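A short write-up of the structure that comes next.
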Amino acid sequence: MLTEPADEGEVDTDEVGSEEEGGILYFYNWSEYIAPDIYTQFEEETGIIVVEENFFSNEDLYARLVSGATGYDVIVPSDYMVAMMIEDGLLAELDHNRLENIGNLYPTFTNPPFDPNMGHCLPYFWGTSGIGFNWEDWDEAPGSWAYIFDPELAQNFSGQISLLDDMREVFGAALIYLGYSASTTDEAELTEARDLILGIKEYIHSFESNTYEDLMISGETRLSQGWSGDIFFAQAEDWNIDYIIPREGALMWVDNLCITADAAADPERLARAYQWLDFLNRPDIAAQNTNWVWYASPNAAAEDMIDPDILSYPAIYPDEETFARLQYLGSVGDAIEIYYRMWTEIKME
Ligand code: SPD
């Protein structure tokens, strides 16, 4: 199913099959973020072939679209990135009348601050960003970001710690550890966070958002900043691997299904995109998806079909006490330039 773009900035629409029958839909998604059988089912029901390509951070996705990439029909940005993309005119407005299954969502997800009344996107999955660890190394779970950000503690895992290759996530975790907002625009706070990260950089195995769960499975890394479902993916391979939301707090996020403004300019592409969004929002499909990826679903009508072990797992569906320690990333306006500069300093050092 995977295809590479023909040139920088353009999807190769000739590479996979022809546009006979239902045509082709280009889906730009995070990696390992859909139950693979869903493609076959969708094609059987609609004749539409879905071609998936992956990105590994919101910033990569944004850079690709803002530099003029065309051809992507449906993309999956997180909350704060949806707000940025709306501002830049990169997303189509949603006509809710074309989405039969839109009523299936939990009310908490239907009027998000980053996209009032789901004007542009539907929620796809939500989750948290915490710490993956291996019980072989611990008597008690590592309940603090200090195990990553305090050099005294981090040196115990020298060369065995991975951080997400994701600027907002890494700054977010460091800022939360320091007691600041994860979306600060204050340069002094950001400088402190940058210095904190630089202070433990010698103990970092890698900045990695794609294969960090594989590094945990192989034992090459023992502590990973990671996304809940990805760590559970590793746990399925090695039951000693586990996930914790640190006591200082952590990020939560909602990833969203959005139709690009580019696709909306073509009625046929737009029609396929609506069919795809509605299919993914069907209760049986949403449940099948969560049962495979182990991320929480915003689809209330799917609940009865989701594996009860997943529904009752507090690291996937956090309890109220944990919820109170979570925060979303917000848009940081022009301060994004400070983030980019400091992120480069971290990576280059
Ligand atoms: N393997 C897919 C993980 C997708 C996680 N999205 C998280 C976005 C957080 N900003």
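Indexing begins at 1, ligand by ligand and atom by atom, following the structure's order. Index from 1, following the sequence. Keep in mind that this is a model prediction, so the values were computed, not measured.
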Do me a favour and list the nearest non-hydrogen protein atom to [atom] with residue, atom name and distance?
{"atom": "atom 8 (C) of ligand 1", "result": "S78 OG, 3.2 Å"}
{"atom": "atom 10 (N) of ligand 1", "result": "E169 OE2, 2.9 Å"}
{"atom": "atom 6 (N) of ligand 1", "result": "D255 OD2, 2.8 Å"}
{"atom": "atom 2 (C) of ligand 1", "result": "S31 O, 3.3 Å"}

Basic-acidic side-chain contact under 4.0 Å: R341, E345: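 Answer for the salt bridge query: yes.
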Worked verdict on E349 versus R194 for salt bridge (Lys or Arg N to Asp or Glu O under 4.0 Å): CA-CA 11 Å; E349 210 243 15; R194 178 203 59 193; over 6 Å; no
Closest approach of [X] and [Y], non-hydrogen atoms and distance?
{"X": "N134", "Y": "I241", "answer": "ND2-CG1, 4.1 Å"}
{"X": "W227", "Y": "S209", "answer": "CZ3-O, 4.0 Å"}
{"X": "N104", "Y": "N281", "answer": "ND2-O, 3.2 Å"}

Are any of the N/O atoms in [X] less than 3.5 Å from those in ligand 1?
{"X": "D166", "value": "no"}
{"X": "Y80", "value": "no"}
{"X": "W227", "value": "no"}

With heavy-atom distances below 4.0 Å as the criterion, list the atoms of ligand 1 near [X].
{"X": "D230", "value": "1 (N), 2 (C), 3 (C)"}
{"X": "N58", "value": "10 (N)"}
{"X": "Y295", "value": "3 (C)"}

Per atom 4 (C) of ligand 1, closest listed option by heavy atom (Y33, F56, F233): Y33
Sole candidate of Y243, Y33, Y295 that passes side chain to side chain donor-acceptor pair (under 3.5 Å) when paired with D230: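 When side chain to side chain donor-acceptor pair (under 3.5 Å) is applied between D230 and each of Y243, Y33, Y295, only Y295 qualifies.
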Enclosure of F42 CZ (heavy-atom neighbours >12, cutoff 6.0 Å): yes
Charged tip of R168 within 45° of Y80 ring normal and under 6.0 Å: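 Judged by the rule (NZ or CZ under 6.0 Å from the ring centre, within 45° of its axis), R168 counts as positioned above Y80.
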